[in-house]
Amino acid sequence: AWEVAVALLAEMLQNAEDIDEVTVTSTLVACEMGQWERALELLNQMPHWKLQRDLIAFNAACSATAGARRLEVVQELIEILKDEGLT
């Protein structure tokens, strides 16, 4: 499922289609199962795409990294959440 979501997002970006927070967050959710690095890449790209990272996007990234037992990364994400005033 994550492959399809990532491919669709890539196609939208390549075709210069408008993407929004829902599109990227949906892709983040699809990456929760074993694609934590890709989830982090997407989360980090959101500001470059002029998209607002919200609690739902961070939660999806945290779920992906926690599932991979990357708890130090989860802790970093929580700190970013605090810094961005989302907690």
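In this chain, residues are counted from 1 in sequence order. Since the model is a prediction, treat every value here as computed from it, not as a measurement. Keep in mind that the numbers below use all heavy atoms, side chains included, and drop hydrogens, waters and symmetry copies.
Within 6.0 Å of the CG atom in D18, the count of heavy atoms belonging to other residues, nucleotides or ligands does not exceed 12.
In the hydrophobic cluster analysis, where Ile, Leu, Val, Met, Phe, Trp and Tyr join through side-chain heavy atoms closer than 4.5 angstrom, L13 is grouped apart from L8. In the hydrophobic clustering of ILVMFWY residues, with side-chain heavy atoms under 4.5 Å counting as a link, W49 and F58 come out together. Two different hydrophobic clusters hold L40 and V6 under the rule that ILVMFWY side chains link at heavy-atom gaps under 4.5 Å. Cluster annotation: M46 and V29 are assigned to distinct hydrophobic clusters (Ile/Leu/Val/Met/Phe/Trp/Tyr, side-chain heavy-atom contacts under 4.5 Å, transitive). Grouping the Ile, Leu, Val, Met, Phe, Trp and Tyr side chains by contacts below 4.5 angstrom, directly or via other members, places L42 with L86.
The line from OG1 of T27 to CG of L9 is 4.5 Å long, rounded to the nearest 0.5 Å. Summarising the geometry, atom CD belonging to E84 is positioned 10.5 Å from atom CG belonging to D54; distances are rounded to the nearest 0.5 Å. Note that CD of E72 is 10.5 Å distant from CG of L77, once rounded to the nearest 0.5 Å. N44 CG to R53 CZ: the interatomic distance, rounded to the nearest 0.5 Å, is 6.0 Å. The line from CZ of R70 to CD of E76 is 9.0 Å long, rounded to the nearest 0.5 Å. The distance from atom CG of L43 to atom CD1 of I80, rounded to the nearest 0.5 Å, is 7.0 Å.
Here the shortest heavy-atom pairing between A64 and A39 reads CB-CB, 3.9 Å. Minimum heavy-atom separation, L51 to I19: CD2-O, 3.7 Å. A pairwise comparison of heavy atoms in L28 and A60 identifies CB-CB, 3.8 Å as the closest pair. Here the closest non-hydrogen pair linking C62 and V74 is O-CG2, 3.8 Å.
E21 places a side-chain N or O within donor-acceptor distance of the main-chain N or O of Q52, the cut-off being under 3.5 Å. No donor-acceptor pair under 3.5 Å is formed between the side chain of N59 and the backbone N or O of L55. A donor-acceptor distance shorter than 3.5 angstrom exists from the side chain of D20 to the backbone of V22, with no hydrogens or angles considered.
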